[in-house]
Amino acid sequence: MSQFDLSAFEEEAHEKWAHAFESNPSRLEKFYINVAFPYPSGAMHVGHGRTYIVPDVVARFWRMKGKQVLFPMAFHVTGAPVVGISKRIAKKDEKTIRLYRDLYRVPQNVLDEFVDPLTIVKHFAAEYQRVMTACGLSIDWRRRFITVDPSYSKFIEWQWKHLYEAGHVIKGAHPVRYCTVDENPVGDHDLLEGDKAEVIKFTLVMFRYGDAFIPTATLRPETIHGVTNLWANPSVTYVKAMVDGKAWIVSKEAAEKLALQDHTVEIREEIKGSELVDKKVSHPLCGEITILPAEFVDPDMATGMVMSVPAHAPFDYIALRDLQQAGRYKDIKPIPLIRVEGYGEVPAQFAVEKAGIKNQMDSRMDALTQEIYSAEFSKGKLFEKYGGKPVRVARDDVAALMTEKYDSVVMYEFDVRPVVCRCGNRVKVKILHDQWFLKYSDPAWKQEVSDQLKDMTLVPPEVRVEFDRTVDWLKDWACTRRVGLGTKFPWDTQQLIEPLSDSTVYMAYYTIAHRIKDLDSKLLTPAVFDYIFLGKKSEDLPEKKKLDAMREEFLYWYPYDFRFSAKDLISNHLTFQIFHHCTVFAGQKDKLPKGMVVFGMGLLNGAKMSSSKGNVFLLEDAVKEFGGDTVRMFLMGSAEPWQDFDWRNELVLSTKKQIERFHNTVMEIKDATGEPHDIDRWLASRLQSHIAKTTEALDNFQTRQALQEAWFGIETDLKWYRRRLPKDCDGSRELHELCSVWVRLLAPFIPFTGEHLWKELAGEGLISFAPWPKMDAQQVNEKAELSEELLARTVEDVESIKKLIQISPKAITIALAPEWKHEVFRTIAQASDKNSVVKEIMKDEKMRKRGREATDAAKQITTLIHRLPPYVVGPLVQDPISERDVFESAKGFLEQEFGVPVHIVEAEASGHVKALTALPFKPSIIIE
RNA sequence: GCGAGAAUAUCUAAGUGGCCAACAGAGGCAGACUCAAGAUCUGUUCCCGUAGGGGUUCGCAGGUUCGACUCCUGCUUCUCGCACCA
């Protein structure tokens, strides 16, 4: 007999599967699924495992259902992160080296080569493929590619040609977070600090100071009329610099920033902050004012000079108050210019006093500033003499006016500081030129995408709102980069196509990926792809035969049926790909994506998995330690795909025991030779419902639900079945068929064990391609199920009574309800109004004669009907079973169970008081 | 802050108006088998109960209803996304 040895099963299966899942167009109906391909910059952990195992289970399911399934895989290697990694490794960065050497266990000689970024991705791509195979993924590896393959680049160029011609690729300028040391834009993941910081657009209000300007940054240009003074920090070093040919006075830091934002900056001299104090400046809209000293002014915030509006800005109000309390600048009065209900004459003063704030250092100052800012913006109105407009209108008007007439310019700055790059340098805002964008803001393009989304199947359905919102909110996307790996941007070969933008229609490329390897990439002109994917004929196409084969393959597979991905890609990749499909396959509705399945995230021992924090469990280790099937079953069974799941080693271990139990059970019962009993009909009937429910669950991608049915559902039934068998019998020969069905239902989840057991069962070919079990309505036996239900409930009741009374019984009597109670049962069950039905019943002469007994019974039966599930009540009314037959035929079983003689009597004939409580489907039980 | 989702017994988790003291699994406890361990099987796992019953529960506070884990309102807590990047 076969011993349970997962690693032996795995070895067996891998041999058989070597090329089994290479899938070509055939006469069968196709089913094409794909997953967001991985960026292999590190080892796979168990969280990745689920991402690829879910689609594999789905692929295996549909394959058994008789579809021609395509499940390809490739590797996304374009982008900047590995470049950073290789630089850090070259610099011998301890943290990075520890991660790669200790956690990912990269051998030293390989690690040495990681100074070349491509080596990193190639190394891990190979590892991914190895681990994916170890997990039993049924991937067609012939179609594997990486996104820097020359042929793929040609494909991307073709794709972009279409985007460009459709007018979706535009050129512009763009403020980005920028590191002056790395000379690169900085993404969230490259930040040590300030990852929440947003770039905000300030208006610089230009105050005249002698022959120079002092620019102050404000978000509230409309308050210019209320400016009473400027603030300068006496201990800060300012500079006089020629900015675009004019003299400006700003902080040293600001000068550096302005240079990054489209200004020519030449520093002429340094000026101490203290020298500026008490000097006069002027602005046409507020006249001449004085520069006052203030320590709160941050030289790293915008220009390092601040305009003061004490009537509307709490900070300004308090700073001024403090100076005045020290006896200085007594003649300056706040100038209110905005009326906002509930904040008195001078809002800043009102709010500060109401909050009881004593000085500038109070921690509530930021919140208070925000409060006034919002209140005035949403409800405030300028005084009549300043135009009387609502703040939200006036703000833009004044800003425009100042830009036009009074030399105001825009300056970008972060709302939260500091923002620090991983290299340790302060990040600044830089305006990038020659920056290209994908115009996702285009309403017409958005419309196409929304229309397509309406026709797509989204799993789970709740994610639809998120997609809709994303389409709505998407702005132009900067789609070119200066560093990283990738395809050159065709209209500016100094730049690369940004990595999210080069992975949006590659699902189409999979259909031809294995064939295109036969062609020299030099031949791959746009015309070639136009022919393969769009059917556009043109002169002089090379290798026509090969192209025709590719065209045919594309037509067979496309569009894809489902794309799988984790939910964090909704707001970018998953939505982008629809945009791109809509353009590349414009006018070809039948080539647009059909559905998406979105996953939840993975936890490890209750905490988020994170490579950088070391909170990961490598998938390869998991497979080695527990076996591929165990890992698969655990990941599929612990939660539905879209829910978050938690990996815990101790739970995984018990999963392995379950698989072993399953294997052993099948081996034990598969060759049973006994004659079939009544109970076999029950088992067969139950099996049909498990088949139906498992199939339905998998149709809906509910892996957990499917496992519950196919696994525990059948196991529980089998336990009852074996309990019900006569002592000398260990099962009928029909169990062989049950095993065959059972193993096939579980094969998508535990294919290694499945393949092995299939062989043991003498199944034909590979189980991976065996027919999925079909429900056989002929075998559904409602009566048998009902009888067993009655029996099981009665046994349960007997057990619970036995436990309560704690005597050792000498005999058990089961008293069956009389026929008239069955009649009452049927009447009540069918009545629409359960309240008045009792009266109806009592109209009957026979019933009335029974008097109180009948009304009591009617009440009890009403309660009973409420408590019984509909699948019992329904059949009981339509086609009642004979309770006597059920118990008589199970008498042997009952006596065996209870170990005492069992008597079956009619309640009214027994004469026992307790017997009178007998109800339909709930006989009285008398224990003596 | 904005947007989306979630909160059920020791844990995972099913449950969209009466089938609910609440599926299933894991874990715990007890028993059987065994020299023992493991595996397996049986029972038990909110509280009370010597006849199948009763009581109190499904984040918190209210509400709708004959009836709510399920619907509504408010609150609290958690997770995810908020972009120039995989």
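As the structure is a computational prediction, the values presented were derived from the model and not from experiment. Every heavy atom of this structure was used, including side-chain atoms; hydrogens, water molecules and symmetry mates were not.
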Are [X] and [Y] linked by a side-chain donor-acceptor pair shorter than 3.5 Å?
X: A:Asp502; Y: A:Thr487; result: no
X: A:Ser924; Y: A:Thr917; result: yes
X: A:Thr504; Y: A:Gln577; result: no
X: A:Thr665; Y: A:Glu668; result: no

Nearest-nucleotide pick for [X], side chain only, options being [options]:
X: A:Thr716; options: B:G25, B:G52, B:A83; result: B:G25
X: A:Lys922; options: B:A83, B:G81, B:G52; result: B:G52
X: A:Asp797; options: B:G27, B:G52, B:C80; result: B:G52
X: A:Phe712; options: B:A51, B:A24, B:C84; result: B:A24
X: A:Lys475; options: B:A24, B:A26, B:A83; result: B:A83
X: A:Thr917; options: B:G52, B:C84, B:G81; result: B:G52

The residue, A:Leu500 or A:Ser800, whose nearest nucleotide of RNA chain B is more 5′ is A:Ser800
Per nearest nucleotide of RNA chain B, the residue lying toward the 5' end, A:Glu660 or A:Pro40, is A:Glu660
Distance check needed: [N] [atom2] versus [X] [atom1], whole Å only.
X: A:Phe921; N: B:G52; atom1: CZ; atom2: P; answer: 20 Å
X: A:Glu498; N: B:C84; atom1: CD; atom2: P; answer: 10 Å
X: A:Lys802; N: B:A51; atom1: NZ; atom2: C1'; answer: 14 Å
X: A:Asp502; N: B:C85; atom1: CG; atom2: P; answer: 14 Å
X: A:Tyr440; N: B:C84; atom1: OH; atom2: C1'; answer: 11 Å
X: A:Ile927; N: B:A51; atom1: CD1; atom2: P; answer: 11 Å
X: A:Arg793; N: B:C19; atom1: CZ; atom2: P; answer: 12 Å
X: A:Asn572; N: B:C80; atom1: CG; atom2: P; answer: 16 Å

Given the [atom1] atoms of [N] and [M], what is the spacing between them in whole Å?
N: B:C2; M: B:A26; atom1: P; result: 44 Å
N: B:G17; M: B:U12; atom1: P; result: 26 Å
N: B:C66; M: B:C41; atom1: C1'; result: 46 Å
N: B:C58; M: B:U8; atom1: P; result: 12 Å
N: B:G1; M: B:C72; atom1: P; result: 23 Å
N: B:U70; M: B:G62; atom1: P; result: 14 Å
N: B:A39; M: B:C29; atom1: P; result: 13 Å
N: B:G53; M: B:A37; atom1: P; result: 39 Å

Using a 4.0 Å heavy-atom cut-off, does [X] contact any base of the nucleic acid, only the sugar-phosphate backbone, or nothing at all?
X: A:Ile570; result: nothing
X: A:Trp711; result: nothing
X: A:Pro923; result: base
X: A:Ser41; result: nothing
X: A:Asp476; result: base
X: A:Leu432; result: nothing

Would you say the ring centroid of [X] lies under 6.0 angstrom from that of [Y]?
X: A:Tyr52; Y: A:Phe599; value: no
X: A:Phe634; Y: A:Trp647; value: yes
X: A:Phe662; Y: A:Trp742; value: yes
X: A:Phe921; Y: A:Phe825; value: no
X: A:Phe579; Y: A:Trp445; value: yes

Base-pair string, RNA chain B, Watson-Crick plus G-U, cut-off 3.5 Å on both distances, | for inter-strand, is ((((((((.[[[..)..(.....]]]((((((.......))))))(((....)))...[[[[[..)....]]]]])))))))....
Q | Geometric cation-pi criterion A:Arg724 and A:Phe893, 6.0 Å radius, 45° cone | A | yes
Nucleotide N/O to protein N/O under 3.5 Å, stretch nucleotides 40-44 of chain B:
unit_1, atom_1, unit_2, atom_2, d
B:U40, OP1, A:Arg661, NH1, 3.4
B:U44, OP1, A:Lys803, NZ, 3.1

Residues at least two apart in sequence or cross-chain that pass ring pair (Phe, Tyr, Trp, His ring centres under 6.0 Å) with A:Phe37, listed by chain then number, are A:His76, A:Tyr506
Salt bridge [X]-[Y], side-chain N to carboxylate O under 4.0 Å:
X: A:Lys656; Y: A:Glu660; answer: no
X: A:Asp492; Y: A:Lys171; answer: no
X: A:Lys439; Y: A:Asp476; answer: no

Between the protein and nucleotides 8-14 of chain B, are there any N/O to N/O pairs under 3.5 Å, and if so, what are the atom names and distances?
unit_1, atom_1, unit_2, atom_2, d
B:U12, O2', A:Ser638, O, 3.4
B:A13, O2', A:Arg704, NH2, 2.6
B:A14, OP1, A:Gln643, NE2, 2.6

Check: With no hydrogens and no angle check, is any side-chain donor or acceptor of A:Lys446 less than 3.5 Å from a backbone partner on A:Asp472?
Finding: yes
Ring geometry between A:Phe576 and A:His580 (parallel below 30°, tilted from 30 to 60°, perpendicular above 60°): parallel
Which donor-acceptor pairs under 3.5 Å do the side chains of residues 459-468 of chain A make with protein atoms, sequence neighbours left out?
unit_1, atom_1, unit_2, atom_2, d
A:Arg464, NH1, A:Leu453, O, 2.8
A:Arg464, NH2, A:Met456, O, 2.7

Filtered N/O pairs between nucleotides 3-6 of chain B and protein, under 3.5 Å:
unit_1, atom_1, unit_2, atom_2, d
B:G3, O2', A:Arg469, NE, 3.0
B:A4, O2', A:Glu466, OE2, 3.4

